[in-house]
Amino acid sequence: MSKKFLAIALTAALSCTALLAGCGSTTDNNTADSTDPVSEKATLTMATNAEFPPYEYMESNEVVGIDVDIAQAICDKLDMELVIDNIAFDSIIPAVQSGKADVGVAGMTITEDRLQSIDFTDTYTTATQVIIVNAEGSSVASVDDLAGKTIGVQLGTTGDIYASDVEGATVEQYQKGADAVQALKQNKIDCVIIDSEPAKAFVAANEGLTILPDPFEEEEYAICISKDNTELKDKINAALAELKADGTIDSIVEKYIGSDAE
Ligand code: ARG
């Protein structure tokens, strides 16, 4: 009797498993390896670093910004569910390489060096690097004055790379761009090298700072993705092309940068 019961239970368990597996495979029409059997949608986990307004920043405990809206628009096209993983900027590429995250969306610049370890989608916007200084009494008036100066940067960013190439300069690396800006206000460093839009946001939020007029280094932002994930990359590129063509990307950028402009 107990044997019979066990047999029934086993059969039930087996058919459940088969059913679940069946369910899984019918919904598994996306390339992302993480499928959520409850929502029946594949998830797209985006690693980011929400210290970079207006691309990604915190607003009452929520990560918001241009990159979040773009990632959401891509997910809408691909019928995926967006999951945001907010981590240190220099942990994003390792997270994507190890598969902890599917993509990195973080105002990330395509560089030759990064292309050694990671792939990028098509670009979705351009940016420049700029120099922030104290409005009064700065010894830095242009890129040519950087030699021998103390330069603040966000750790692992392209600003960090440029600063490291400046002759005789001391580079102070901060976890957050905002921390570099605070150090500048306290005269602990001579300037900050950072991307143009976050620079505008930081200067708007802090009195007594200014951005030097000559930007240098034009950059292209793209979504980083593992080199093994070409199928997902192609889908994202197709979604991006549609979002560019129908004006969605432009209107997302305008929504955030329009309110930032002086
Ligand atoms: N564009 C720069 C880079 O790729 C800075 C990006 C920083 N992004 C961030 N979310 N903190 O290195």
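First listed ligand is number 1; within each ligand, the first listed atom is number 1. All heavy atoms count here, side chains included; hydrogens, waters and symmetry mates do not.
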Polar proximity ligand 1 side, Met108 side, N/O cut 3.5 Å exclusive: no
Shortest reach to atom 1 (N) of ligand 1 by a heavy atom, considering only Ile194, Asp90, Asp195: Asp195
Atom NZ of Lys185: over 12 foreign heavy atoms under 6.0 Å: yes
Minimum-distance protein heavy atom relative to atom 6 (C) of ligand 1: Gly107 O, 3.3 Å
From CG (Asn237) to CD (Glu242), nearest 0.5 Å: 11.5 Å
Candidate with minimal heavy-atom separation from atom 7 (C) of ligand 1, of Phe52, Tyr57, Tyr221, Tyr162: Phe52
Element-labelled atoms of ligand 1 that are located less than 4.0 Å from some non-hydrogen atom of Gln154: 7 (C), 11 (N)
Gly156-ligand 1 polar pair, N/O distance under 3.5 Å: no
Flag for Asn134-Asn187: side-chain donor and acceptor within less than 3.5 Å: yes
Close approach of Thr48 to ligand 1, heavy atoms, under 4.0 angstrom: no
4.0 Å heavy-atom contact, Tyr55 with ligand 1: no
Non-hydrogen atom of Glu56 closer than 4.0 Å to ligand 1: yes
4.0 Å heavy-atom contact, Arg114 with ligand 1: yes
Atoms in ligand 1 with a heavy atom of Phe89 nearer than 4.0 Å: 3 (C), 4 (O), 6 (C), 7 (C), 8 (N), 9 (C), 11 (N), 12 (O)
Any N or O of Glu51 closer than 3.5 Å to N or O of ligand 1: no
NZ/NE/NH1/NH2 to OD/OE distance under 4.0 Å, Asp85 and Lys100: no
Side chains of Glu62 and Val68 in contact at under 4.5 Å (non-hydrogen atoms): no
Polar proximity ligand 1 side, Thr158 side, N/O cut 3.5 Å exclusive: yes
Whether over 12 other heavy atoms sit under 6.0 Å from Gln186 CD: yes
Protein contact to atom 8 (N) of ligand 1 [nearest heavy atom, distance to 0.1 Å]: Ala106 O, 2.8 Å
Residues Gln154 and Asp160: side-chain donor-acceptor under 3.5 angstrom: no
Ring center gap for Tyr55 and Tyr256 short of 6.0 angstrom: no
Per-atom contacts of ligand 1 with Asn49, taking only distances under 4.0 Å to non-hydrogen atoms: 9 (C), 10 (N), 11 (N)
Donor-acceptor side-chain pairing of Asp179 and Gln175 below 3.5 angstrom: no
Candidate pair Glu219 and Thr158, rule side-chain hydrogen bond (donor to acceptor under 3.5 Å, both in side chains), full reasoning: CA-CA 9 Å; Glu219 304 187 336; Thr158 45; 3.0 Å; yes
